[in-house]
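Worksheet: the structure to be examined is printed underneath.
The analysis underlying the following values was restricted to heavy atoms, covering all of them including side chains, and did not include hydrogens, waters or symmetry mates.
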Amino acid sequence: MHRSHIALLAGLTALAGCGYTGPITFSPPPSQFAVSVPPEAADRVQNYTYARVTTTLNGVPVTGAVCGLRSTEIDSGFVTPAVIDLPVYHRPPPPATLSCTYLDHQASRLVHAKQVAEIKGDPRPRSFEMIVSLLSNAVADALDFWTYAARNEEIVIELAD
């Protein structure tokens, strides 16, 4: 391989790392609820992101539902509406159960982890932004980062009658 090819690949790799715009964040909102990660899973946690959780009863928002997000690698309890911390893992974590109770209503669902790599925005075809975005996604994919929801994603739990 020629030195110019190596230099080009090194430059593109650096650009891909700089252009990464995945859901990792360093400053979650102040009203968040902390999560507990068991010691055996803590070494896989790379960072944290956050999501918003709301509950509805027959389509009408309700406050005060007691909820939890639990698996072998996460344990979080909170009251809705809430902003919760979510760990960003190296390698996919197992599915987690999100369950909520409000008065005599209950609901739960299985939440599967999503890979952090994703294309942000709507870059124009053949544009520099598209190239950087594709390279960023390749780097994020290689890092193999996973979390249960995208940054600031709203998760709605319906507590139907």
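For Arg44, the salt bridge (charged side-chain N to carboxylate O under 4.0 Å, His left out) test picks out Glu73, with sequence neighbours left out. With sequence neighbours excluded, the residues that form a side-chain contact (heavy atoms from CB on, under 4.5 Å) with Ala107 are Ile157, Leu159. Residues that satisfy the side-chain contact (heavy atoms from CB on, under 4.5 Å) test with Ser108, not counting sequence neighbours, are Thr97, Ser99.
Taken from CG in Leu57 to CG in Leu103, the straight-line distance is 8.0 Å, to the nearest 0.5 Å. Rounded to the nearest 0.5 angstrom, Arg52 CZ and Ile155 CD1 are separated by 9.5 Å. In this structure, CG in Leu86 is found 5.5 Å from CD1 in Ile74, a value given to the nearest 0.5 Å. To the nearest 0.5 angstrom, Leu98 atom CG is 11.5 Å from Ser71 atom OG.
One hydrophobic cluster holds both Val111 and Ile84 under the rule that ILVMFWY side chains link at heavy-atom gaps under 4.5 Å. Side-chain heavy atoms closer than 4.5 Å link hydrophobic residues (I, L, V, M, F, W, Y) into clusters, and following such links, even through other members, never connects Trp146 to Val37. Linking Ile, Leu, Val, Met, Phe, Trp and Tyr whenever their side-chain heavy atoms come within less than 4.5 Å leaves Tyr102 and Val79 in two separate clusters. Linking Ile, Leu, Val, Met, Phe, Trp and Tyr residues whenever their side-chain heavy atoms come within less than 4.5 Å places Val62 and Val53 in a single cluster.
Looking at Arg91 and Asp144, no side-chain N of the basic residue comes within less than 4.0 Å of a carboxylate O on the acidic one, giving no salt bridge.
Counting only residues at least two apart or in different chains, side chain to side chain donor-acceptor pair (under 3.5 Å) contacts with residues 54-69 comprise Thr54-Glu154, Thr55-Thr80, Thr56-Glu158, Asn58-Asp161. The stretch residues 70-114 participates, sequence neighbours left out, in these disulfide (SG to SG under 2.5 Å) pairs: Cys67-Cys100. Residue pairs meeting the salt bridge (Lys or Arg N to Asp or Glu O under 4.0 Å) criterion with at least one partner in residues 99-114, sequence neighbours excluded, are Lys114-Glu153.
Scanning all heavy atoms of the two residues, the minimum distance from Phe78 to Leu69 falls at CE2-N, 4.2 Å. Across all their heavy atoms, Thr49 and Ala149 have their closest contact at CG2-O, 3.9 Å. In plain terms, the two heavy atoms of Tyr148 and Pro93 that are nearest each other are OH-CB, 3.4 Å.
In this structure the side chain of Tyr48 never reaches within 4.5 angstrom of the side chain of Thr147, judged on heavy atoms.
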Q | From CA spacing to verdict: side-chain contact (heavy atoms from CB on, under 4.5 Å), Gln46, Tyr89 | A | CA-CA 6 Å; Gln46 303 299 309; Tyr89 298 92; over 6 Å; no
(Q) Does Arg151 form a side-chain contact (heavy atoms from CB on, under 4.5 Å) with Tyr50? I'd like the steps, not just the answer. (A) CA-CA 5 Å; Arg151 178 180 48 131; Tyr50 62 92; 3.9 Å; yes
